[in-house]
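Some notes on the structure that comes next.
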Amino acid sequence: LSSGRPEEATGAMAVKGVVVLAVLAAGFQGPGRSLRSTRLHAEEEESPVRLLLVDCHDSYTQNVGAWLAEANGGTWPVIVSHDDLDLRRALLETPSYLEREFDGIALSPGPGDPGLRGSDFRSTNAGLVLKKAAASTPILGVCLGHQGLALEYGYDVTRLPEPLHGVIDRVRHFPERATLFRGVPGPTFNATRYHSLTVTGHSDELEVVAVSADRGDIQALQHRTLPRFGVQFHPESVATDYGDVLATNFIACVREARHKKQLQARALAPPALDPFAARKREDNRGTTTTTPSPSTPEKKEGDVASYRVEETEVDWDESWDVLPVYRELFGSSGEPSFWLDGDGVDSAKAMGDAGGPHGFAVAHDAATRETVDVRDGRVVDRGELLPYLRRELSRRKPPSDSSSPSPHFDLGFVGYLGYEVRSQTRDYEPPDQGDKTAGVVPDAALIFCGRAVVFRGSKATILELTSVGSGSGERSADDDNNLSDDDTTISDFKARAVEVLRRYGRPRAERRRPPSPPPL
């Protein structure tokens with residue numbers, strides 16, 4: 001596109017002249033309607049949940065993982081050992097880790113007596129998960145995991161009169177008060193038992209929802225008010241009836257808990273606004289008021305803003321899956337976000353969002369020539385779109401002698417320009433409008449991306465637009481020791497991005513996942 005002035009041609013579309021256009025995964029709003037599907041809740045219900053399966057060093061853990069994956073649309077849980085040091089560190093040092101990373105948790109079977117004096121079960125990752133998980137996070141314990149859950153709430157674990165290894169037993173369940181057994185015909189079903197210990201005693205917080213029909217010992221527990229479940233038998237066994245129903249019921253419980261958490265987050269977020277509502281606001285003189293965007297600070301005389309694009313590289317392999325990285329860093333950030341794939345020749349991928357201290361998102365109406373901030377609907381510019389983009393880029397342009405860390409994407413504007421924007425170009429000839437009505441989406445919508453991750457070859461590069469003060473643009477040692485709030489935010493993002501990339505930057509086999517790729 002060209003506005004008739006060479007300096008305002010497409011080269012102004014990104015920092016240092018890089019042009020990138022893409023459809024946004026942003027949920028931009030036009031007058032009276034959101035781009036997000038009205039089936040959003042239904043899609044959330046059907047989408048896979050993020051599960052953590054704590055492996056208590058049992059040969060059946062992979063079977064439990066496959067059992068849960070089948071009910072979760074083929075998406076496997078993340079399987080981590082109960083003595084994994086990285087998980088232990090995250091549980092002890094980051095209180096929000098489990099709630100942030102996972103929608104539900106399962107504790108696997110395993111050897112040993114969790115109730116034995118001197119047992120370290122409570123200090124393992126399985127035990128720590130029971131203590132650290134948010135009350136709203138569903139937890140399912142299988143066999144040893146069931147016993148650990150019972151111990152946490154006051155039950156005892158004792159030895160059976162005789163071991164039951166591979167024994168098929170009749171289990172009597174109470175579906176009227178048991179979430180896991182909804183839809184399971186009664187009063188009994190066959191279940192595979194493989195244990196020599198059992199839960200005994202009483203708890204005011206857990207209720208018994210299944211027992212052995214022949215032996216009378218406890219086979220399933222459920223918390224009275226929280227989504228906590230335990231089953232003594234092996235529901236993943238092919239010899240257990242209706243195991244698939246139990247798995248489906250647990251996944252449904254996890255989805256419901258995730259949906260409630262998302263509703264709470266949305267309730268706390270600012271309300272979604274029509275980005276063009278500001279065109280109708282008038283001040284006392286009867287003229288529309290234009291409010292500068294908070295992302296566009298006014299320059300004072302003698303003040304020279306200085307920015308630079310910083311890069312942090314992490315080893316990566318093109319065969320590794322980038323979808324979890326997008327979901328954790330950008331897809332769940334609550335900000336308009338994007339994901340650009342390579343064209344088949346160049347395999348580079350770029351993803352980012354409008355978050356961080358320098359990010360923002362705008363929408364443009366070609367008819368009124370108003371550009372608005374999509375977060376609050378304020379008019380930030382009145383005029384042609386391309387000159388506005390050029391001005392915003394020039395305010396944040398790194399010094400001319402700085403080298404670009406990425407020849408493919410160097411931050412800047414990412415978005416789309418609709419056909420209506422052609423009316424602002426020099427070769428435009430107005431067509432016959434006929435009975436054209438106003439569209440439900442903006443004529444143009446763009447993210448100013450101040451943070452992103454670029455995948456290319458054997459590297460994943462974290463890009464950040466940082467402000468380095470005024471004046472020369474050089475950063476001194478004193479500057480490093482006196483980080484602003486913005487710099488702290490950027491540092492937090494970089495640290496989180498490095499952690500996520502390193503966590504997923506391993507072959508799936510090393511993450512205890514199956515070799516088949518996860519479904520999109």
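Note on Arg456 versus Glu313: no salt bridge recorded, every NZ/NE/NH1/NH2 to OD/OE distance being 4.0 Å or above. Arg496 and Glu101 are joined by a salt bridge, as a carboxylate oxygen and a charged side-chain nitrogen come within less than 4.0 angstrom of each other. Under the 4.0 Å criterion applied to side-chain N and carboxylate O atoms, Glu328 and Arg503 are assigned as salt-bridge partners. A salt bridge does not link Asp86 with Arg502: none of the charged nitrogens is closer than 4.0 Å to a carboxylate oxygen.
Counted within 6.0 Å of CZ on Arg100, heavy atoms from surrounding residues, nucleotides or ligands total more than 12; the atom is thus considered enclosed.
Checking side-chain atoms of Asn249 against main-chain N and O of Leu180 turns up a donor-acceptor pair under 3.5 Å. A donor-acceptor contact shorter than 3.5 Å links the side chain of Asn125 to the backbone of Ser81.
Between Arg451 and Asp353, the closest side-chain pair of non-hydrogen atoms falls below 4.5 Å. Between Val453 and Phe330 the shortest side-chain heavy-atom distance falls below 4.5 Å. Residues Pro111 and Asp58 form a side-chain contact, since some pair of their non-hydrogen atoms from C-beta on lies under 4.5 Å apart. Within the 4.5 Å cutoff, side-chain heavy atoms of Leu130 are placed close to those of Leu107. Two residues are said to be in side-chain contact when any heavy atoms from C-beta on lie closer than 4.5 Å; His165 and Tyr194 meet this criterion.
Between the side chains of Ser212 and Asp169, at least one donor-acceptor pair of N or O atoms lies under 3.5 Å. No side-chain donor from either of Asn72 and Glu70 sits under 3.5 Å from a side-chain acceptor of the other. Between the side chains of Tyr60 and Ser237, not a single donor N or O lies within less than 3.5 Å of an accepting N or O. Side chain to side chain, Ser47 and Arg258 meet the donor-acceptor criterion of an N or O pair below 3.5 Å.
Sorted by first and then second residue, the side chain to side chain donor-acceptor pair (under 3.5 Å) pairs involving residues 133-158 (not counting sequence neighbours) are Gln147-Gln232.
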Result block: side-chain N/O donor-acceptor pairs under 3.5 angstrom for residues 181-189, not counting sequence neighbours:
none

